[in-house]
Amino acid sequence: RNSAISGCYIHHINDIVPVNPPNPANERYGIAIGGASQNVSVSGCRFSHTRHAVTTGGSSGKNQNGEQRNITVANCTSMLSDTGYFDTHQPAENVVFIGCVANGGISATPATAGAYGFQMRARNCSIVGCSVLQAIGRGIMIFGPVSSGAVISGNMIANVKALPGNKAGTGIYFDSGGTSNHSVTGNVIKNCEGPAIDNGGANNDIVISGNVIQNVSFVVQGAAIRLRNAARVLITGNNVGPSAQGPAIAMLGSSDEWQIMGNNLGGGMALVG
């Protein structure tokens, strides 16, 4: 608790050989923050060739008192991840990434599905003023059973590549595990082979506001912003350029109670639903 890690260079982390279980193979974490770690900062560090540069996970104690809380990761750079540059496991909460850079994913190993910029599975977490460049599969993914209340603001997400078979390539993705109550504001999302914002379904109470979206969905067909089976979604003040293979916004499945107003929507079709 009340600790700081600063100015480190951590690189080329190898597998743990599973000789003495429960140590699993394929961890390769740069910094793992676990147990009752609270009020911890990681700043000014550089990472290269890790599975996750920084991750959290694990809990103990009554009322989950032994989980990670109030973790700040600031001004760190992670290069050449093959899974996910920056990560949180549940049930951590109030993990904040500020001014971090995830740059240059490498080909996924057989055990993984891509090289994502940020993976968030914790509660009330934020990604603010960060850059995700050349990720594979997804730039930012919010998923897991407790990952509500994320703030994604002021980030640059660019050049996200699709997985083999023309899959994903998404800027920001909300998984279908009930992850809801998120705010996506003031981001620049461009040159992504898939949609700028997508979901797996059953995500509610989402605010998408003031984002600039350019040149997306030029490999994976679909709308720039597309959500399925989502309720109470506010889409306002966004500047969406023409999408190569779809409309600007798609309201799919059993979606309901959307408000779409004050957007600049380019392309041949502005909205399908």
Side-chain angles (χ1 to χ4, degrees), residues 77 85-86 97-105 114-120 126-142 150-163 166-174 182-200 203 206-228 230 233-252 255 258-273:
T77 298
Y85 300 83
F86 298 99
F97 295 94
I98 303 174
C100 294
V101 177
N103 189 11
Y116 301 171
F118 291 84
Q119 298 183 161
M120 301 288 281
S126 301
I127 303 170
V128 179
C130 296
S131 295
V132 180
L133 310 172
Q134 303 176 78
I136 300 174
R138 290 165 183 153
I140 294 173
M141 182 169 72
I142 312 298
V151 174
I152 303 171
S153 181
N155 303 288
M156 169 68 75
I157 304 169
N159 302 308
V160 179
K161 300 181 184 305
L163 293 164
N166 291 344
K167 297 179 181 179
T170 311
I172 298 171
Y173 185 82
F174 302 115
H182 304 308
S183 175
V184 180
T185 61
N187 303 282
V188 175
I189 307 172
K190 64 180 184 179
N191 302 331
C192 296
E193 294 185 355
I197 300 172
D198 197 2
N199 79 328
N203 312 108
I206 308 293
V207 175
I208 300 171
S209 177
N211 302 285
V212 176
I213 298 172
Q214 302 172 340
N215 191 36
V216 297
S217 294
F218 57 87
V219 172
V220 180
Q221 185 174 0
I225 299 171
R226 66 181 189 189
L227 298 176
R228 181 179 300 276
V233 176
L234 174 63
I235 301 176
T236 180
N238 300 284
N239 188 350
V240 183
S243 178
Q245 298 194 45
I249 300 172
M251 180 179 178
L252 304 174
S255 294
W258 286 31
Q259 296 185 58
I260 301 171
M261 53 192 178
N263 301 282
N264 181 13
L265 306 178
M269 286 190 296
L271 172 66
V272 297

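These numbers come from the heavy atoms of this one structure, side chains and all, not from hydrogens, waters or symmetry mates. These numbers come from a predicted model, not from an experiment.
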Problem - C130/F86 under side chain to side chain contact (heavy atoms under 4.5 Å, CB included): CA gap, chis, key distance, verdict - result: CA-CA 11 Å; C130 296; F86 298 99; over 6 Å; no
Practice task
Evaluate the criterion side chain to side chain contact (heavy atoms under 4.5 Å, CB included) for residue pair I152 and F118; output intermediate values, then yes/no.
Solution key: CA-CA 11 Å; I152 303 171; F118 291 84; over 6 Å; no
Exercise for the section: List the steps, then state whether side chain to side chain contact (heavy atoms under 4.5 Å, CB included) holds for N211 with I225. Expected result: CA-CA 11 Å; N211 302 285; I225 299 171; over 6 Å; no
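Between I142 atom CD1 and Q119 atom CD the span is 10.0 Å, to the nearest 0.5 Å. Of the inter-residue distances, the one linking K190 atom NZ with I213 atom CD1 reads 13.5 Å to the nearest 0.5 angstrom. The distance from atom CG of L227 to atom CE of M251, rounded to the nearest 0.5 Å, is 9.5 Å. S126 OG to M120 CE: the interatomic distance, rounded to the nearest 0.5 Å, is 7.0 Å. Taking CG of N187 as the reference point, atom CD1 of I140 lies at 6.5 Å (rounded to 0.5 Å).
Taking the side chain as every heavy atom from C-beta outward, E193 and V160 never approach each other to under 4.5 Å. Residues K161 and V219 form no side-chain contact, since every pair of their non-hydrogen atoms from C-beta on lies 4.5 Å or further apart. Between V240 and I249 the shortest side-chain heavy-atom distance does not fall below 4.5 Å. A heavy-atom distance below 4.5 Å is found between the side chains of N199 and R228. Between N238 and I208, the closest side-chain pair of non-hydrogen atoms falls below 4.5 Å.
L163 approaches G137 most closely through the heavy-atom pair CG-CA, 3.9 Å. Closest heavy-atom contact between A224 and V216: CB-CG2, 3.7 Å. Counting all heavy atoms, side chain and backbone alike, A135 lies closest to A115 at CB-O, 3.3 Å. Nearest approach of A196 to I189, heavy atoms of both residues: CB-CG2, 3.7 Å. In this structure, Y85 and G104 approach most closely via the heavy-atom pair OH-C, 2.8 Å. Minimum interatomic distance between N263 and T236 (heavy atoms only, all atoms of both residues): OD1-C, 3.3 Å.
Of the possible polar contacts, one joining the N155 side chain to the I127 backbone as a donor-acceptor pair under 3.5 Å is found. A donor-acceptor pair under 3.5 Å is absent between the side-chain atoms of D198 and the main chain of Y173, judged by distance alone.
The aromatic rings of F174 and H182 lie parallel to each other, with less than 30° between the two planes, well short of the 60° mark.
A donor-acceptor pair shorter than 3.5 Å can be found between the side chains of T185 and S153.
Residues forming a side-chain hydrogen bond (donor to acceptor under 3.5 Å, both in side chains) with S131 (at least two apart in sequence, or on another chain): none.
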